[in-house]
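Beneath this line is the structure, given in structure tokens, with notes to follow.
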Amino acid sequence: MRLMAIRAGASALALLAVPAQADDLRDAVAADMPGLIALYEDLHANPELSFQEVETARKLAARVRALGFAVTEGVGKTGVVAVLKNGEGPVVMLRADMDGLPVIEQTGLPYASKKRAIAQNGTETGVMHACGHDTHMTAWIGTAQQLVARKDQWSGTLVMILQPAEEIGEGAKAMLDDGLFTRFPKPDYVLAFHDAAQFPAGHIGYSKGFALANVDSVDIVVPGVGGHGAYPHTTKDPIVIAASIVTRLQTLVSRELNPTDAAVVTVGSFQAGAKHNIIPDEARLQLTVRSYEDKTRQHLLEGIARIARAEAMAAGMPEDKLPKVTVQDPYTPATYNTPEFTEQVMAGLRTRFEGRVFETPAVMGGEDFSRYYRADRDKVESLIFWVGGVPQDQWEKAQKGELQLPSLHSPFWAPDAPVVIATATEALTAATLDLMKKR
Ligand SMILES: [Zn+2]
Ligand SMILES: [Zn+2]
């Protein structure tokens, strides 16, 4: 499936000769790589959790300031906004996210993280860049360096942002709420990439339209009437009610939605009771709910509330003791790659990266990158693409079934960072130069 997608993506354009400028940019990125890899290893060894990216932000802000950007720190708690005005033209925003994850690294790399920190739930944990945001930040610096060196080739305003707290889905909102689009030039185009654990290193994948899903976390508290396990007739068993809710929830996707409309309702946690012979007085469910379209999301959330209420009523629970359904706010909205803009950028990249650019289906993961487009859908064109990170030898072993590849967020995720960083730097620079080309 993946290989087919890659082959299908190698268009006729890829057969055209690579323009001279391509080699010039590729060589310039290659020359920057030793410095970028030193930065990468430093970032990798020193990850920080969501909204704790203080040292990361400080280090990178100093670098872009030295490159001549006007830099504002502390936007949306730990976010950074770097602006470079270079004449008339469009406003292009490039985003990298900064946070690591509460994961104890097990890659065995010489620059593996040994950091510890206090997670959101108050417990001490290891910290790791298990989602590869360190590759994003390094390519972000690489791109800034290339665009500054090529100021004579473009015209417009470059806005480069470092976003905190992507992993908890709050960073983009925090930056927007803190005036990202009012205190700073509002972008016509926003671009980003994410490293990918399901593609070989250096391949570029993209989806047109929806790329990532709406992500909702839902809690359901199901009251019952507790009592002795041997006298069920004197109780209302919340475990049976909650079990009925879990089963009935499966019909939301399978029976209520149009089969072509993708969605997920997963009950990831079901907690109730403490002992064999006690019927508890409460059960608790935790759900993740995924969709693309807003109306699908609405249908699922309303359906969950309806089913929870109806199952409790079916068990004879009174009006004042029906389940309490809480939808976490804010949620992560679906990421939408505006189709024409996506095609425009990818046409350029297909020529440059011959045979390495392919279209890939949308996934049910989430990204708060979505919020920049949703903040002004009439003005902002938006694209996030994947840059494959699986080392070539591991990819080949996995194709033969000899190796199970780690996913993003795995303590074993070790992308081929030099290839990811070089590819992403070249791709982001080339796309930006194309958008801001002197006319
Ligand atoms: Zn992640
Ligand atoms: Zn990520």
Side-chain angles (χ1 to χ4, degrees), residues 50 101-103 118-125 167-170 213-259 261-333 364-366 409:
S50 305
L101 283 159
V103 170
I118 306 297
Q120 256 187 327
N121 64 7
T123 57
E124 195 192 313
T125 171
E167 294 293 356
I168 57 169
E170 293 181 20
N214 290 313
V215 180
D216 281 285
S217 297
V218 180
D219 287 86
I220 308 178
V221 179
V222 183
V225 177
H228 200 297
Y231 307 96
H233 55 291
T234 66
T235 73
K236 299 277 184 211
D237 189 341
I239 293 181
V240 175
I241 300 172
S244 300
I245 293 172
V246 172
T247 309
R248 185 88 197 178
L249 287 175
Q250 306 312 310
T251 64
L252 278 172
V253 174
S254 69
R255 302 292 84 183
E256 293 191 27
L257 293 185
N258 185 323
D261 189 3
V264 176
V265 178
T266 292
V267 180
S269 169
F270 185 141
Q271 292 179 4
K275 197 176 185 305
H276 308 68
N277 61 355
I278 301 171
I279 292 171
D281 58 7
E282 186 179 276
R284 286 172 178 265
L285 303 175
Q286 295 185 324
L287 286 64
T288 188
V289 181
R290 314 251 165 160
S291 56
Y292 294 116
E293 301 280 356
D294 287 349
K295 67 174 186 344
T296 307
R297 170 176 183 260
Q298 209 52 43
H299 184 102
L300 293 174
L301 296 179
E302 285 168 13
I304 289 164
R306 164 170 47 87
I307 287 169
R309 178 184 164 85
E311 290 295 347
M313 287 175 75
M317 290 299 292
E319 268 295 332
D320 62 339
K321 290 188 87 178
L322 294 178
K324 188 162 167 284
V325 179
T326 314
V327 180
Q328 208 175 82
D329 184 40
Y331 76 111
T332 300
M364 279 287 172
H409 292 199

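All figures in this text were calculated on a predicted structure; none of them were measured in a lab.
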Could you go step by step and tell me if Ser291 and Leu300 meet the side-chain contact (heavy atoms from CB on, under 4.5 Å) rule? CA-CA 9 Å; Ser291 56; Leu300 293 174; 4.1 Å; yes

Using side-chain contact (heavy atoms from CB on, under 4.5 Å), reason through Val264 and Val253 one step at a time and then give a plain yes or no. CA-CA 7 Å; Val264 176; Val253 174; 5.9 Å; no

Intermediate values then yes/no, side-chain contact (heavy atoms from CB on, under 4.5 Å), Val218 and Leu285: CA-CA 8 Å; Val218 180; Leu285 303 175; over 6 Å; no

Please assess Leu249 against Val267 for the test side-chain contact (heavy atoms from CB on, under 4.5 Å), listing each intermediate value before the final yes or no. CA-CA 9 Å; Leu249 287 175; Val267 180; 4.0 Å; yes

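There is no side-chain donor-acceptor pair under 3.5 Å between Thr326 and Asp219. Defined by atom type and a distance below 3.5 Å, a donor-acceptor pair is missing between the side-chain atoms of Thr235 and Asp237.
Between Phe270 and Ala283, the closest heavy-atom pair is CE2-CB, 4.4 Å. In plain terms, the two heavy atoms of Arg290 and Met364 that are nearest each other are NH1-O, 2.9 Å. Contact record, Gly226 with Asp281: N-CB, 3.7 Å, taken as the closest heavy-atom pair. Heavy-atom minimum distance, Ala308 versus Ile245: CA-CD1, 3.8 Å. Annotation for Ala119 and Thr125: closest pair CB-CG2, 3.8 Å, computed over non-hydrogen atoms. Contact detail for Pro238 and Glu282: the closest heavy-atom pair is CG-N, 3.6 Å.
Within the 4.5 Å cutoff, the side chain of Ile220 has no heavy atoms near those of the Lys324 side chain. You'll find the side chain of Leu252 stays beyond 4.5 Å of the side chain of Leu257, heavy atoms only. Between Gln120 and Glu167, every side-chain heavy-atom pair lies at or beyond the 4.5 Å cut-off. Using a 4.5 Å heavy-atom threshold, the side chains of Val265 and Leu287 count as touching. Pro323 is not listed as a side-chain neighbour of Val221, based on a closest heavy-atom distance of 4.5 Å or more.
Separation of atoms NE2 (His228) and CG (Asn277) is listed at 5.0 Å; rounding is to 0.5 Å. In this structure, the separation between CD on Glu170 and OG1 on Thr332 is 8.5 Å, given to the nearest 0.5 Å.
Salt-bridge annotation for Glu302 and Arg297: absent, with no side-chain N of the basic residue lying under 4.0 Å from a carboxylate O of the acidic one. Using a 4.0 Å cut-off between charged nitrogen and carboxylate oxygen, Glu256 and Arg306 count as a salt-bridge pair.
The environment of Gln250 atom CD is dense: over 12 non-hydrogen atoms of other residues, nucleotides or ligands sit within 6.0 angstrom.
Of the possible donor and acceptor atoms, none in the side chain of Arg284 sits under 3.5 Å from a partner among the backbone N and O of Gln271. Panel note: side chain Asn214, backbone Pro333; no donor-acceptor pair is recorded below 3.5 Å.
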